[in-house]
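One structure is given here, and the rest of the page talks about it.
All values derive from a computational prediction rather than experimental measurement.
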Amino acid sequence: MDTFAAKTQREDLDSVVIRFAGDSGDGMQLTGTQFTQSTALMGNDLATFPDFPAEIRAPAGTTFGVSGFQVHFAAHDIMTPGDAPDVLVAMNPAALKVNLADLKRGGMVVVNTGTFTKGNLKKAGYDNDPLEDDTLGPYRVLKLDISKHTLAAVEKFELGTKAALRSKNMWTLGLMMWLFGRDRQATVDWLRQKFAKKPEIAEANVAALNAGHAFGETAEMPSGIGCYQVPKAKLDKGTYRNVTGNEALAWGLVAGCKLAELKPVLGSYPITPASSLLHALSKLKNFGVVTFQAEDEIAAVCAAVGASWGGALGITSTSGPGVALKGEAIGLAVMVELPLVICDIQRGGPSTGLPTKTEQSDLLQAVWGRNGDCPLAVLAAATPGDCFYMAIEAVRLATKFMTPVMLLSDGYLANGAEPWKIPDVNALEPFPATQHTAREGFHPYLRDEETLARIWPVPGTPGLEHRVGGLEKDYNSGNISYDPDNHHRMVKVRAAKIDKIAEHIPPQDVCAGPEQGDLVIVSWGSTFGSVHQAVRNALAAGETVSHIHLRYMWPMPRNLGDLLRGFKQILVPEMNNGMLVRILRSEYLVPAEGLNKIAGQPFKVSEIETAIADKLAASK
Amino acid sequence: MPDTPTKKLTRKDFTSDQEVRWCPGCGDYAILAAVQRTLPTLGVKRENTVFISGIGCSSRFPYYMDTYGFHTIHGRAPTFATGLKLANPELDIWMITGDGDGLSIGGNHLMHVLRRNLNLQIILFNNRIYGLTKGQYSPTSLVGKLSPSTPMGSVDNPVLPVGFAMGAGAKFVARAIDTDAKRLGAVLVRAHGFRGTSFMEVFQNCPVFNDGAFTDFTERATATETQLHLEHGKPMIFGKDKNKGLRLKPGALELEVVTLGEDGITEADLLVHDERNRPLAFLLGAMQPPEFPVALGVLLCEPDDSFEDRVLGQVERAIQKQGAGDLNALMRKGHIWTVT
Ligand code: SF4
């Protein structure tokens, strides 16, 4: 299948981290995605981290307009997109300026010299040309005038310089595919499909891709630059694909509704980084999915609640600022005890914060951020692929317990991709929702004795006409009640119902290391990858440390307290200023400590490793 | 299992067992009675009838109807109605709101439900005051309104509800007076028959906090002079002697009141009401006493597709075109690979 010539002896590498960086108009996300695709097809395990600016089209050539895409691929299973790149592709001076510090010393840097003009250097904040001074001294450098090579490659299509230069990302991709022994065919097919209506654009891009590849094959490379291969990883048997968190989430919601036998009705308002979930679900109309782009966040959640009252499954997708706006309506859903799935794709906050950067700072808002005593269930996905399963869990718990469920993901999971073993939906256990029809002894607040869930009487059902609303309800009739003792009882029963969920979720496991000992790292959400890798590395180095990863944030698994008390030290790494750590301390009175990174970037494996080493050293 | 379909429903069937808790003399009672009397004449099923409200005095309404009802949160009733209708388009939804609920905190949602033309009936109880929170001025209060929050008089200009609705693209706009049971009933019937958002403004007296807000045109003694009852296709005539009429002022886009028989004016000079004429509806809706009578009845009625028909129609078409979705197949589309 490999198309590269055998003339070169490829050096085997165990794992490689490449970061593609350029101006936001340079098509770096596309380049990265295509490289990822071909890497997945080669059978490597991989993880990606797209990192783009908040501005849609920041001024060209500036540092704040730099867009990056990091891909980590390996011959073994990996958990994260990699701490530091081994290879940096810098399409302009600004991309070099922003990313060079992250590159491993001795790493490879591929630079498009064609963009290193006086003007661009100035815009990037370089006083001297870094290609001329010793800035690149510690690295292996491949300086190429990619702009010029691209123009030559697509000359025959007579596109004009501006249009022709758009293909320079494909030239670069071709070169990188040669360097790392990737197959181009998937990209060629993709280009021809994407530009089916403009075949000359498709062919120009294919020509650029091939030219970049051919350049690698034929040109003399500077010393230190060779070509490499990364052997296949040993993955579980099965059929795989790449999946981003938001894709998996969309499919999981559809799967969950199918298992519950409910029509999904999504109310959503565009917000970064949740919009792609709205887009994905909007395309699934033939699955019976109804999507409604509402006038605002409040309308979006209220429409979902209205849909749930009407017997569908109401879903709303948003990010932190949207959750803040939805609070009152979520409270209403708690009061009227209707199923509702709220997907919060977290981003940097507070306020508008860092819209395109990842963070885990909505946990306290999710668990407690509403007026009154207003409990609901909170789940958190660990990986992009896990979004699928947690979405199903959200639907299951929302319908079984007649409650809103908040599902936390974040920008890193939403946009990041990983190879994912595709499940067989038909093998998943159905959990059909029951809607109440019996008139005998009916009132709208009848409860299931075991789960305490309210019944679900749906408008349109003869004989069950009733009124619900945000005012407190009488326990025994569902009518409005201002009785103090009744209010006390209702607050307690709403809390008890949510608490009961703990009996219907899997017990907490220790996913690495012993079940008790000196140190446990407790993580949740998207930090799973770096924490797990770090703990495995420490275990491999002979240290004793354990990893507990939470996916059920509220209520927490019943056995969690006992597990935590089996460790002397509890370290809680979070991409926030300490949220889970507060919950653990207050719920279990354990001496948990935080490790906080609030930089809009995921943890590096090395950061967790260092923290583990420090803790262990302190306890010796 | 339908609710014994042959039995003719009566007003009692739509009356719930809950004690009505509005202040004595509140205009809400009259509106409730009109709705409860009208529903049995519409041939609707109780189980398919839904009342949705926001927050405010009027929003207590659903509790008094023995139908399905949802007393939601302040200003958001249109959005719950939207989700409900998308979940089950068979439901017949009435939305109850007020000048504060619908035009202040919920102005955004009201605008959007109107432009979308979701099939439901909206009754906006306009009493030009906040009743439930004890008497603050509202977005329809006239300038200078003295209230607990405006001890020197309110300074903001009021919104014209029917003008707002038409500006938002409403396709059905009507107006009635709480105590004019017959005409209010007729408007309810028309609104119900319209497939889309029917917007009704009902002038509702709040005897406690804003008594007599509309007396300049609701007083029975002078009503014939101060009210113009619109009828599609009929010339616009009013006055106790039926000798006043409306016409376009020659050479201007402006209405004027004329007297039949004066200056050679005949019925042929008068404007004829056309419910499909949006600019005319706007001019009529903006008429204010004392210079003009207040226009009542159906101002505008422009049939169009409803929102849920369009949304659910797309779902149906997608299923017809692509076949019912198969998730296993979808997840295996594109680049996949097998590890053996
Ligand atoms: S305050 Fe006014 S509007 Fe409210 S119930 Fe009393 S009279 Fe009616």
Could you pull out every donor-acceptor pair under 3.5 Å between side chains of residues 35-42 of chain B and any protein atom, sequence neighbours left out?
unit_1 : atom_1 : unit_2 : atom_2 : d
Q36(B) : NE2    : Y64(B) : O      : 3.1
T38(B) : OG1    : A34(B) : O      : 2.6
T41(B) : OG1    : T38(B) : O      : 2.5

Presence of salt bridge, [Y] and [X], under 4.0 angstrom:
| X | Y | result |
| --- | --- | --- |
| D304(B) | R310(B) | yes |
| K171(B) | D305(B) | no |
| R46(B) | D13(B) | no |

When heavy-atom pairs shorter than 4.5 Å are enumerated against chain B, which of [options] gives the highest number?
| options | value |
| --- | --- |
| P459(A), A299(A), A307(A) | P459(A) |
| L464(A), V301(A), T437(A) | L464(A) |
| N426(A), D296(A), D236(A) | D296(A) |
| G470(A), G460(A), G310(A), G469(A) | G460(A) |

Modelled atom types, side-chain donor and acceptor of E295(A) and N108(B), under 3.5 Å: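 Absent: no donor and acceptor within the cut-off.
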Side chain, backbone, both or neither of [X] within contact of chain A (heavy atoms, under 4.5 Å):
| X | result |
| --- | --- |
| L330(B) | both |
| R116(B) | side chain |
| R115(B) | neither |
| T72(B) | both |

Atom pair CG (L32(B)) and SG (C26(B)), whose distance is rounded to the nearest 0.5 Å: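 That separation rounds to 10.5 Å.
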Interface moiety of [X] toward chain B, non-hydrogen atoms closer than 4.5 Å:
| X | value |
| --- | --- |
| Q37(A) | side chain |
| P444(A) | neither |
| W420(A) | side chain |

Aromatic ring pairing F307(B)/F292(A), orientation class (parallel under 30°, perpendicular over 60°, tilted between): perpendicular
Proximity of F80(B) and F70(B) rings by center, below 6.0 Å: yes
